[in-house]
Amino acid sequence: MTNAPPPPTSAAQSARTILTRLHEVMPSRTNAQSKLNQVVHIIGECLNSEVCSIYLLRDGALELFATRGLKQEAVHVTRLGLGEGLVGTIADHIETLNLDEAAAHPDFSYRPETGEELFHSFAGVPIIQHERAVGVLCVQHSESRRYDEIEIEALQTVAMVLSELIANADLVDSEAQSHATSTDQSSMRLSGQKLVDGMGAGVAVFHQPRITIEHTVAEDIEAERHRVYAAFDKMREQIDRMASQTDFGAAGEHDEVLETYKMFAYDEGWSRRINEAIDSGLTAEAAIERVQQRTRMRMRQIDDPLLRDRMHDLEDLSNRLIRIVSGQMGTAARMGLRQDSILIARNLGPAELLEYDRRRLKGVVLEEGSPTAHVIIVARAMDIPVLGRVKKVRTSIRDGDLMLLDANNGTLDIRPPQIAQDAFHAKLQASQKRRASLATLRDMPAITKDGVPIDLMINAGLREDVTAMDLTGAAGIGLFRTEFQFLVSATLPQRERQQRLYRDVLDAAGDRPVIFRTVDIGGDKPLPYMNMRDEALSEENPAMGWRALRLSLDREGLLKVQARALLEGAAGRTLNVMFPMVSEPWEYEEARNLFISQRAWLKERGKKLPNAVRYGAMLEVPGLIETLDLMLPHLDFLSIGTNDLTQFLFAADRAHPRLAERYDWLSPIVMRYINRVVKICEGSRVTLGVCGEMGGRPLEAMALLGLGIKRLSITPAGVGPVKAMIRSLDLGALQAAMPSILQSPTSNPRGQYQSWAERHDVDLGITD
Ligand code: PEP
Ligand code: MG
């Protein structure tokens, strides 16, 4: 430019001047077109640019909506497809172009009606809504030159404000807007790991909903600055708290993530850039988003998966900061599900999942997740299919997208075409048929083909779960996870409430036994209201930390209250009580003695008591096997918790997504270990069972029976398939084959069991 005034000294100044003037246009009562005409004039004047144009996405193409400098006849005539010409490329790649010679760019597409041959240089930025380009803002000059960084930044800031204008001020008609957000809505398929079997269809709902930024232009810059300072303080406090709390592990998040969170939360550069964006006239929310957009654009150009992962973390933190600043704190559960939905999250805690309305929740898709994490056990109990380790969910899916989740197949179809929807529903029907046919087994006994009865029980934890006993025809509840009541409560459940639940469960069970496990909290089941922080200190390995029976014995008051609730709740009946995660015999003894003394205490006060109390322990800590023989005389039953047991046998965190598929339950490590346990218990009066997730899978359950296990307590959805397996199994033949399988395992132990099952016509159903 020959007669151009000196450029503004900072991007902030330049943007601020434009924003101040736009601010006057935005609320005016003029129509959309005239607002846009004013906008291009303001920007053109302020940037001293010969051409300034706005293209908006309409009917899948970018249409010239307003221009200063190009021929007016081209307005609403010039249209470019996504990816077509410079404008289409900017929108398609969501990138900025800054060119001294527009025509030299390989994507340049000449449109004679615009008269743009007069102009050489070109700069364009995308107008973004919900991470999608809905338009392009560009400037052009006759002189061949590159634009300053200051000018580009000013354009990007202005584009943010334009996106508010488009969204809020009826700038495009609603039809156009729906096209704007629905272009690029091609269907796609993502794959992941099946964590809970099943299929479900519904609309996408983000556990942490996307934030809507309502105002982008600041009224009072100092006030915005203070809002951001305060939000930063609060966010840092939250991150520090997570670092010192066990419940960071609850979300399945890892130290690595936490470290990155901390690094970003305290990063001076990040807060400085947000401050600069506020200087340019943006509100706190818009400034955070603006910085985030810029980072996203930069990261798109870097092809480094590690950096991209970190980008996710920054994105999380940035959203957290916007939520704090805007006060939009709730999860989707708090707002309620309005229709059949598929929930999307990076990860969830069990309590968070329990907050959702299970009638409308048709599936869960996680970026992380592992099959034995407690949230997955809860999902299984709720009969909600879960697909885990799905990459790119948060970037490929938008709120409200229709999705078909087929966890059995490990796939998630997003925005599927009609033909895929038809195929899905046909498959769903077939699987419902299979379920219905399994339901006919409900009243048939769980007895092997050669006549050996198996105790097939269910795992439960919520009041509603007990109905599953009738629906499945299970022989009782082999594991009632009492901590679920604690997890769904906002405060520590009082004794009366606990007692009521236990009594109701026993009422529903009638003659069928229920084994109540005392609270197994801590680890990946923290109680936010219990302030366990101080006592747990900072746990590096919460699964091996202060949890389950360890915590209950140290917090004697907690266990005493539960003991009384159980003893009184089971008045006039048999109470079966089981202690989780026993590591040494004395822990079991101490817990049992506490129950005995509480029983005496209640008796002294004339309370009604159970007719009998039977005590059991969970075998989850591998070392316990060494003293098992000493414990047997004091035990009535023993239950192998294969979820924890295998995590400790393999030293592999059960909630770690990377380790989720690394080790097999059918590995000789697990099978030989359980075989030793069976041998130790043989000849004693102790009833031995398995209550981990392993027993709920037909092939694994078959292998356990082969070892001599006669009691399985499993997830309700597993009862039908496992019963079908039992009824088709010649147990004698399997037991005859077991010594050689255990003695000479191959490198593919699963294959060994599978081929035995195939050769002997064992019904393994559709789940394996
Ligand atoms: C187990 O560890 O196998 C078990 C049944 O207990 P939980 O899954 O509740 O830890
Ligand atoms: Mg356990």
Item to check | Derivation and outcome, salt bridge (Lys or Arg N to Asp or Glu O under 4.0 Å), residues Asp383 and Arg435 | outcome: CA-CA 12 Å; Asp383 203 13; Arg435 277 186 176 218; 3.0 Å; yes

Item to check | Derivation and outcome, side chain to side chain contact (heavy atoms under 4.5 Å, CB included), residues Ile447 and Val452 | outcome: CA-CA 5 Å; Ile447 186 163; Val452 183; 5.8 Å; no

Are any of the side-chain heavy atoms of [X] and [Y] separated by less than 4.5 Å?
X	Y	value
Leu705	Met725	yes
Leu734	Trp756	yes
Glu587	Leu553	yes
Met199	Pro385	no
Ile477	Ser713	no
Asp520	Phe579	no
Leu729	Met702	yes
Glu589	Tyr615	no

Non-hydrogen atoms of [X] and [Y] that approach each other most closely:
X	Y	value
Gly692	Thr642	CA-OG1, 3.1 Å
Gly410	Leu387	CA-CD1, 3.5 Å
Ile458	Ala474	CG2-CB, 3.7 Å
Leu704	Val690	CD1-CG1, 3.9 Å
Gly641	Cys691	CA-SG, 4.3 Å
Ile714	Gly696	CG2-N, 3.5 Å

Next on the checklist: With side chain to side chain contact (heavy atoms under 4.5 Å, CB included) as the criterion, how do Arg547 and Ile521 come out once you've worked through the C-alpha distance, each side chain's angles and the decisive distance to 0.1 Å?
Outcome noted: CA-CA 6 Å; Arg547 57 169 283 212; Ile521 47 179; over 6 Å; no

Next on the checklist: If you apply the rule salt bridge (Lys or Arg N to Asp or Glu O under 4.0 Å), what do you find for Asp470 with Arg512, and how did you get there?
Outcome noted: CA-CA 11 Å; Asp470 295 328; Arg512 293 165 292 192; 2.9 Å; yes

Under 3.5 Å side-chain donor-acceptor pair for [X] and [Y]:
X	Y	result
Thr574	Asn611	no
Asp644	Gln647	yes
Asn748	Thr746	no
Arg550	Ser583	yes

Short side-chain to backbone donor-acceptor contact, [X] and [Y], under 3.5 Å:
X	Y	value
Gln498	Pro493	yes
Lys723	Arg442	yes
Gln735	Gly732	no
Asp730	Asp450	no
Ser728	Val762	no
Arg727	Pro445	yes
Arg697	Glu693	no
Arg592	Gly616	no
Asn675	Met671	no
Ser744	Ile741	no

Checklist entry - Can you name the residues that form a salt bridge (Lys or Arg N to Asp or Glu O under 4.0 Å) with Asp664, not counting sequence neighbours? => result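 So Asp664 forms a salt bridge (Lys or Arg N to Asp or Glu O under 4.0 Å) with Arg750.
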
Next on the checklist: A cation-pi test, strictly: NZ or CZ of Arg605 under 6.0 Å from the centre of the six-membered ring of Trp601 and no more than 45 degrees from its axis. Yes or no?
Outcome noted: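 Judged by the rule, Arg605 and Trp601 form a cation-pi pair.
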
Item to check | Test side-chain contact (heavy atoms from CB on, under 4.5 Å) applied to Leu353 and Leu487, Val378, Val386, the passing residue | outcome: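 For Leu353, the side-chain contact (heavy atoms from CB on, under 4.5 Å) test succeeds with only one of Leu487, Val378, Val386, which is Val378.
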
Enter the distance from [X]:[atom1] to [Y]:[atom2] here, rounded to the nearest 0.5 Å.
X	Y	atom1	atom2	result
Arg711	Ile640	CZ	CD1	12.0 Å
Lys608	Leu567	NZ	CG	13.5 Å
Arg654	Ile376	CZ	CD1	11.0 Å
Met694	Leu712	CE	CG	9.5 Å
Glu483	Ser552	CD	OG	9.5 Å
Leu602	Lys607	CG	NZ	7.5 Å

Checklist entry - Could you give all pairs that pass the side chain to side chain donor-acceptor pair (under 3.5 Å) test and reach residues 559-568, with sequence neighbours left out? => result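 Found Thr482-Gln562, Arg495-Glu568, Tyr502-Gln562, Glu556-Lys560, Arg564-Gln598.
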
Checklist entry - Does anything in residues 662-699 pair up under ring-ring contact (aromatic ring centres under 6.0 Å, His included), and if so which pairs, sequence neighbours excluded? => result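 Sorted result for residues 662-699: Phe650-Tyr663.
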
Item to check | Pairs meeting criterion ring-ring contact (aromatic ring centres under 6.0 Å, His included) with involvement of residues 558-577, two or more places apart | outcome: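 Sorted pair list comes back empty.
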
Next on the checklist: Within a 6.0 Å radius of atom CE on Met738, are there more than 12 heavy atoms belonging to other residues, nucleotides or ligands?
Outcome noted: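 Above 12, so yes.
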
Checklist entry - Taking 4.0 angstrom as the limit, do Asp636 and Arg685 come out as a salt bridge? => result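 Result for this pair is yes, salt bridge flagged.
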
Next on the checklist: So that I can tick it off, tell me whether Arg573 and Asp511 are bridged by a salt bridge, with the cut-off set at under 4.0 angstrom between side-chain N and carboxylate O.
Outcome noted: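 Salt bridge: no.
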
Item to check | Qualifying salt bridge (charged side-chain N to carboxylate O under 4.0 Å, His left out) pairs, either residue in residues 618-632, two or more places apart | outcome: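 For residues 618-632: Glu626-Arg676.
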
Next on the checklist: Test of understanding: with side-chain contact (heavy atoms from CB on, under 4.5 Å), list the residues that count as partners of Ser684, not counting sequence neighbours.
Outcome noted: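 Per chain and number, Ser684 pairs via side-chain contact (heavy atoms from CB on, under 4.5 Å) with Leu632, Cys681, Val686.
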
Next on the checklist: Determine whether Val375 and Leu348 satisfy the following criterion, side chain to side chain contact (heavy atoms under 4.5 Å, CB included), listing intermediate values before the conclusion.
Outcome noted: CA-CA 7 Å; Val375 61; Leu348 287 173; 3.9 Å; yes

Next on the checklist: Leu558 vs Leu492, test: side chain to side chain contact (heavy atoms under 4.5 Å, CB included). Steps then yes/no.
Outcome noted: CA-CA 9 Å; Leu558 182 89; Leu492 202 66; 4.0 Å; yes

